[in-house]
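What you see below is based on every heavy atom in this structure, not just the backbone, and it leaves out hydrogens, waters and symmetry mates. Naming: A, B, ... by sequence-line order, numbering from 1 per chain.
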There are 2 protein chains.
Amino acid sequence: MKVTGRNTRRRGDILNESIYNATIELIKKVGYHNLTFQQIANAAETSRTVLYRRWKTTYDLIREIIEYKVTNVLGGPLIDKIEDTGSLRGDLMHLLSLYQSLYVEVDHEIMNAILFEMGQNKDKISEIEINATNKNILVMRKLLQFAKNRGEKIKEVSDATLTLPFDLIRVENILRKDGIDTKRLELLVDEILLPVFLA
Amino acid sequence: MKVTGRNTRRRGDILNESIYNATIELIKKVGYHNLTFQQIANAAETSRTVLYRRWKTTYDLIREIIEYKVTNVLGGPLIDKIEDTGSLRGDLMHLLSLYQSLYVEVDHEIMNAILFEMGQNKDKISEIEINATNKNILVMRKLLQFAKNRGEKIKEVSDATLTLPFDLIRVENILRKDGIDTKRLELLVDEILLPVFLA
DNA sequence: TAATTAAGGTACACACTGTATCTTAAGGAG
DNA sequence: CTCCTTAAGATACAGTGTGTACCTTAATTA
């Protein structure tokens, strides 16, 4: 603690946000791989003890930050945010834009860190992430139902294929990461997603 | 060193392979994130000094292991291994099988570690990896040329879309990782790749 | 056999981890 | 307003890993 006296000990949400922000800045600077509780504590001007009490690993912290940020960015679950825009192409563009906005707002490094841990920790994380995958499948089912209701001819595909829009955004953000603009998203829709889903 | 006397100091390839194998085993055990030079040195029964002399980071070591393994598994560059099987479907299946075999033989963790670093280290790695991406594009061009020569109608797509087969295998190995069998690869070909590339 | 090269040993200062123990500020209940 | 509970923050310690420097000596080559 730098300042002694009254009003020097933060709690609850104020402290949390300070830790979140410090963590995000640190990840941008040193990367997820080099992220340490020690540095987070320094940056957030708190104590390592506080961090260890709440999170076992930096991954647990990151996960919490994502959840916090997602609700802030989207303002609610993804499935409530998709709309019937009048065409499958428009709906897919809207979906990709929404999902992409998460990567931009939450920060690539953090989103990719999650993806990486999914590839490493076979057991404990899968529960959380399988859940996320299932939610994404439901989003796509709803989106394709819009198209069917409009009379568009939709192919019957497996659940695994329904995750394709999300997978594409993930790959884009790992490999390309810069210049993922509307034009790029349109290319994904026109060259990949529409041929896959539209009969 | 455990044993003193003659023939106790390994060099060159024998030492290298010992280090490679120890690293692979360690990654399987503790994951890339927790991989340390110290543990590698112990497991390979060598000295940390030896490791630091040759590799600056565990990532550099991993990268070398992949190159070593790839030539062992495939027996040469990927572009020389694809064949005209008589149909685009057959060619794509063959390509996916080859690329998937890398993940199985080299170990998921290591392949994913590379992917993760690609997402983190924007600068230095991109040169290597952009190169790899370009090679993959050439592979797909060659494969699609087989199809054109046979008279199959092939869509004109952007280069970024040509990396789709590789991207799909990557995603599979991050998220699903178990049960990526022939049936799964067939689904990728029939539901995604053929609709994208075949007119 | 001598010279060169590289493996292996030892040591050091520093950073991070995880845990335990203690103090004390903040916020609520009465 | 005071007491009490809760949680923030300070301090300390043993263990592990890092990166580097310096030295010794085995293996290879000339």
* Asked: Quick one: side chain to side chain donor-acceptor pair (under 3.5 Å) partners of B:N34, sequence neighbours excluded?
  -> none
* To do: Give one of base, sugar-phosphate or nothing for B:T36, where a contact means two heavy atoms less than 4.0 Å apart.
  => sugar-phosphate
* **Test: A:K148 and A:E156 ion pair at under 4.0 Å** => yes
* Do the charged groups of A:R63 and A:E67 touch, with an N to O distance under 4.0 Å? -> yes
* Aromatic rings B:Y103 and B:H108: how do their planes relate, parallel, tilted or perpendicular, breaks at 30° and 60°? -> tilted
* Using a cut-off of strictly less than 4.0 Å, decide whether B:Y52 has a side-chain nitrogen or oxygen near OP1 or OP2 of D:dT20. => no
* To do: Can you tell me the distance, in whole Å, between the CG atom of A:N42 and the P atom of D:dT11?
  => 13 Å
* **d(CG, A:L26; C1', C:dA15) in whole Å** => 14 Å
* Asked: Can a salt bridge be assigned to the pair A:K69 and A:D107 using a cut-off of 4.0 Å between side-chain N and carboxylate O?
  -> no
* Given that A:T49 and A:Q38 both sit by DNA chain C, which one's nearest nucleotide is further toward the 5' end? -> A:Q38
* Atom pair distance, as rounded to whole Å: CH2 in B:W55 and C1' in D:dT20 -> 18 Å
* **Value in whole Å for how far the C1' atom of C:dA11 lies from CZ of B:R48** => 10 Å
* Asked: Taking only N and O in the side chain of B:T46, is any of them less than 4.0 Å away from OP1 or OP2 of C:dA7?
  -> no
* Structure fact -> With B for base contact, S for sugar-phosphate-only contact and - for none (protein heavy atoms under 4.0 Å), nucleotides 1-6 of chain C reads ----BB
* Asked: Quick one: B:L51 CG to D:dT20 C1', roughly how many Å, whole number?
  -> 14 Å
* Asked: Can you tell me how far C1' of D:dT20 sits from NZ of B:K56, to the nearest Å?
  -> 12 Å
* Could you give the CD1-to-P distance, from B:I14 to C:dA7, as a whole number of Å? -> 11 Å
* For the residue pair A:F166 and A:Y99, categorise the inter-ring angle as parallel (less than 30°), tilted (30 to 60°) or perpendicular (more than 60°). => perpendicular
* Asked: Does the distance from a Lys or Arg side-chain N to an Asp or Glu carboxylate O, for B:R184 and B:D181, drop under 4.0 Å?
  -> no
* Structure fact -> Rounded to whole Å, the CD-C1' distance (A:Q39 to D:dT18) equals 14 Å
